[in-house]
Amino acid sequence: MTSTDVTKEAEDSGPGGYAAARLRLLTEGARSGPPRRTALAGLTDDWLTGLFDAGTGGTGRGVSLVAVGGYGRGELSPRSDLDLLLLHDGSDDKAVAALADRLWYPVWDLGLDLDHSVRTPGQARRTAGEDLKVQLGLLDARHLAGDLGLTASLRTAVLADWRNQAPKRLPELRDLCAERAERQGELRFLLEPDLKEARGGLRDATALRAVAASWLADAPREGLADARRRLLDVRDALHLVTGRATDRLALQEQDQVAAELGLLDADTLLRQVYEAARVISYAGDVTWREVGRVLRSRSVRPRLRAMLGGGKAAPERSPLAEGVVEHDGEAVLARTARPERDPVLPLRAAAAAAQAGLPLSLHAVRRLAATTRPLPTPWPAEAREQLVTLLGSGRPTVQVWEALEAEGLVTRLLPDWERVRCRPQRNAVHLWTVDRHLIETAVRASEFTRRVHRPDLLLVAALLHDIGKGWPGDHSVAGETIARDVAARIGFDRTDAAVLATLVRHHLLLVETATRRDLDDPATVRAVADAVGSEHTLELLHALTEADALATGPAAWSSWRGSLVADLVKRVSAVLAGDAPAEPETAAPTAEHERLALEAYRTGGPVLALRAQTEPPADPDSAAGPEPLGVELLIAVPDQEGVLPAVAGVLAVHRLTVRTAELRSLSLPDGVEGSVLLLDWRVAAEYGSLPQAARLRADLVRALDGTLDIAARLAERDAAHPRRRGVEPPPPRVTVAPAASRLATVIEVRAQDAPGLLFRLGRALETAGVRVRSAHASTLGSNAVDAFYVTGPEGTPLPGEEAGDVARTLEEALRGRP
């Protein structure tokens, strides 16, 4: 059936015919995207025109039906609401009210959302003057039926009002966009973005149209229409998949939306969405900057004319670097610049702009992209130095880098960048896409350049540390190869290229080892020392580790993690300097350990002590007090079975998070027979304050004697506060870490974090008949990574087959959780 046939069916059959034709249009697979939106708008136009003509008897003098907003632009998604204005000259209010009923009720009867108003031209203009959103909708007014002259005169008046009031209304629109961005976030970095409201979404694209209509400024048009179309296509598919008028691209719908659009998978979908949002966001940045410049010029020019007797002063051009000057608040190319003869100019201009804290002019970037020749391989020393200067400029680096990326200059300089550009990261710990995370890491690393001997290697490693995420397999392994190649291409010698490759290969080594391994085990420290190789590389890796974590998000770094990494670095540095790590057996119990052990032996029950752990502020002159690292929980209990799950369960019941956990057996002094288990743990309250030690001890006594059913308590709490339904997490994975320790077998658990997880693991380890020497818990967002150092009953590492059986037991226990 052709579109003409569909329209005729809608006209002939009334509302029912329109509904059938609409359904057929939305479900036919051959038509999608702009053609379907145009066809749907045309079908709706014809139906509403029929309703209008029936209500007016075909005359329609002094009254017209007008589509505004998205419908006015002809952008009807499957579940879009209809924005309609019934415009009249005020001569017959009663007849207009009756006509409105004949128009609105059929729309409501079909279950369509309707945003409607009935106004005279004067009322419409007054409302627009009071409500910016109304004025924006009227800028897209489109005549549907009735008195064309009435609609045309309103359009002309509204557009004239908008242009006359632009100096006042545009700052208001800019503030509205900024407030919305603050509330909704940046579309190109969100895992569940709002396609309309988030920054870089459809609302911002509409705002740019309004700016262009003011004639004060215009947005960069290249790619903007395509970006808008792409977001509309995704919204269409989202409406069809969900059957709802939603703009939020939820995780559970992304695979279906991708399939509806014929895309490979949800990541491909998100990457396209992010690309579109990046184009719109950058266009917004450039446009609002231009608006500000024009408005400042208008406010200053009358005063200049008065001072100079009517003359016009030319803006000053201050030199920034060879071929680069500052002009009117931007970095622009000098009149004498010759990009076609100067391949280093793009990096020099970018570095100069970032160092000066200025945006790089759109016209400058486009000229550089159009005329600059490629850099030779390897790069000349100046090019490498300018790249390092750009990366070390701090926060201004971000906007300059985005300007280069908008015109394709980054990919031209670093071809491997294409694979990470706008690539989503589905780990909730990450705030950014891969490409933006790399730049954020460089920004953070710029703060640490005074504490390393080679700041250039630190900054380039920050830029490249996750470059392997665009390739299959372990991104650190792939990144090592890429980093070595990039380092040679940009002019580093073989020794420096090897250091950069090592930094990229091992950029996760320090934090993973510090939070998941026993630092008292000599094998742990020796393995890190062997991987790093030198104290200078260790120094760089320490700074890169902190910069990477800080750029990831608040969940990836804390004073606690920082203290563990610093402790590991200190131990590794000693080994690299020639000092052997101390054997753990030489660590003698402290006086407090012995006191608690004796008291536990005398009372026959658990004894515990809580002590806050703090770190001095980084700035000694700061008024802030010490930063908390957590609370040390010491527990001594007569040696018996079930201690680990009992303690972990009681802490879970009291909503305490375990950061590290060490368990060892102490022989009693002075010839006293027997032994006591000592648990030295670091804990923190999920929220609120810590419970009293007496309450913890009382519950621990009950857990050990079996009168406190921890599993039932945790299940009861889960039932009272059920988890929200969301995306099914990946299954847990339990592995045996090969050669991680010569004193114990290391079993690593990766699972979805949940209350009582350590309790379930401890209970499973007890069932498996192994002893836990120490445990190291780490939580990143919703992911828990716990490492257990276990031995057999005699205190030796487990044989390979037995270790595999224990790992399978733990995995089955986690998979079997209700």
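Residue numbers count from 1 along this sequence. Atoms considered below: every heavy atom in the structure, side chains included; atoms not considered: hydrogens, waters and symmetry mates.
Counting heavy atoms from C-beta on, the side chains of Leu112 and Thr44 never come closer than 4.5 Å. Put simply, the side chain of Val504 does not reach to within 4.5 Å of the side chain of Ser476, judged on heavy atoms. Contact annotation: the side chain of Val420 never approaches that of Asp466 to less than 4.5 Å [non-hydrogen atoms, C-beta and beyond]. Taking the side chain as every heavy atom from C-beta outward, Leu464 and Ile482 never approach each other to under 4.5 Å. The closest side-chain heavy-atom distance from Leu85 to Leu138 is below 4.5 Å.
With sequence neighbours left out, Gln425 forms a side chain to side chain contact (heavy atoms under 4.5 Å, CB included) with His430, Val434, His437, Lys469. Shown here are the side chain to side chain contact (heavy atoms under 4.5 Å, CB included) partners of Arg248, two or more places apart in sequence or in another chain: Gln184, Asp194, Thr246. Among residues two or more places apart in sequence or in another chain, the ring pair (Phe, Tyr, Trp, His ring centres under 6.0 Å) test is passed with His116 by Trp104, Trp108. Taking Arg421 as the reference, Glu275, Glu418 meet the side-chain hydrogen bond (donor to acceptor under 3.5 Å, both in side chains) condition, with sequence neighbours excluded. Listed by chain and residue number, nothing satisfies the ring pair (Phe, Tyr, Trp, His ring centres under 6.0 Å) test with His239 (two or more places apart in sequence, or in another chain). For Gln135, the side-chain hydrogen bond (donor to acceptor under 3.5 Å, both in side chains) partners at least two apart in sequence or on another chain are Arg169. For Trp417, the ring pair (Phe, Tyr, Trp, His ring centres under 6.0 Å) partners two or more places apart in sequence, or in a different chain, are Trp401. With sequence neighbours excluded, no residue forms a side-chain hydrogen bond (donor to acceptor under 3.5 Å, both in side chains) with Arg733. In this structure Arg366 satisfies the side chain to side chain contact (heavy atoms under 4.5 Å, CB included) test together with Pro220, Glu222, Leu362, Glu407, sequence neighbours excluded. By the side chain to side chain contact (heavy atoms under 4.5 Å, CB included) test, Leu23 pairs with Thr27, sequence neighbours left out. Judged as a side-chain hydrogen bond (donor to acceptor under 3.5 Å, both in side chains), and not counting sequence neighbours, Ser214 has no contacts.
Looking only at atom types and distance, the side chain of Asp45 has a donor-acceptor partner in the side chain of Tyr71 under 3.5 Å away.
Residue Ser117 holds its OG atom at 8.5 Å from CG of Leu84, rounded to the nearest 0.5 Å. Once rounded to the nearest 0.5 Å, the distance linking CG of Leu270 with CG of Leu187 reads 9.5 Å. Atom CG in Leu251 sits 5.0 Å away from atom CD in Gln254 (nearest 0.5 Å). Here the CD-OG1 distance, from Glu253 to Thr242, works out to 6.0 Å after rounding to the nearest 0.5 Å.
Using a 4.0 Å cut-off between charged side-chain N and carboxylate O, Arg180 and Asp204 make a salt bridge. With respect to the salt-bridge test (charged N to carboxylate O, under 4.0 angstrom), the residues Asp113 and Arg79 do not qualify. We find that Asp267 and Arg271 are not joined by a salt bridge, their nearest charged nitrogen and carboxylate oxygen being 4.0 Å or further apart. The pair Arg289-Glu330 meets the salt-bridge criterion, since a charged nitrogen lies less than 4.0 angstrom from a carboxylate oxygen. Of the charged side-chain nitrogens involved, at least one lies within less than 4.0 Å of a carboxylate oxygen, so that Arg188 and Glu402 count as a salt-bridged pair. Under the 4.0 Å criterion applied to side-chain N and carboxylate O atoms, Glu179 and Arg183 are assigned as salt-bridge partners. Taking a cutoff of 4.0 Å between a charged side-chain nitrogen and a carboxylate oxygen, Asp285 and Arg199 qualify as a salt bridge.
Checking side-chain atoms of Arg209 against main-chain N and O of Leu139 turns up no donor-acceptor pair under 3.5 Å. Side-chain N or O atoms of Arg22 include none that pairs as donor or acceptor with a backbone N or O of Gly17 at under 3.5 Å. Tyr282 places no side-chain N or O within 3.5 Å of a backbone atom of Gln399 that could act as its donor or acceptor partner. Checked by atom type and distance alone, the side chain of Glu197 never pairs as donor or acceptor with a backbone atom of Asp247 at under 3.5 Å. A donor-acceptor pair is defined here as one N or O able to donate and one able to accept, closer than 3.5 Å; such a pair exists between the side chain of Thr397 and the backbone of Leu390. Under a 3.5 Å cut-off, the side chain of Trp47 and the backbone N or O of Ala19 do not form any donor-acceptor pair. Between the Thr287 side chain and the Gly284 main chain, no donor and acceptor come within less than 3.5 Å of each other. With hydrogens and angles disregarded, no donor-acceptor distance shorter than 3.5 Å links the side chain of Glu186 to the backbone of Gly200. The backbone N or O of Arg419 lies less than 3.5 Å from a partner atom in the side chain of Arg423, making a donor-acceptor pair.
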(request) Could you walk me through whether Asp265 and Thr268 pass the side chain to side chain donor-acceptor pair (under 3.5 Å) test, one step at a time? (result) CA-CA 5 Å; Asp265 55 23; Thr268 305; 2.8 Å; yes
(request) For the pair Leu86 and Arg119, evaluate side-chain contact (heavy atoms from CB on, under 4.5 Å) and give the outcome as yes or no after the intermediate values. (result) CA-CA 6 Å; Leu86 186 58; Arg119 294 188 178 111; over 6 Å; no
(request) Give the C-alpha distance, both sets of side-chain angles, the deciding distance and a yes or no for ring-ring contact (aromatic ring centres under 6.0 Å, His included) between His475 and His507. (result) CA-CA 11 Å; His475 76 279; His507 69 273; 5.2 Å; yes
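Sorted by first then second residue, the ring-ring contact (aromatic ring centres under 6.0 Å, His included) pairs that include residues 173-226, not counting sequence neighbours, are Phe189-Trp432.
The number of heavy atoms from other shown groups lying within 6.0 Å of CD (Glu182) does not exceed 12.
Heavy-atom minimum distance, Leu240 versus Leu26: CD2-O, 4.0 Å.
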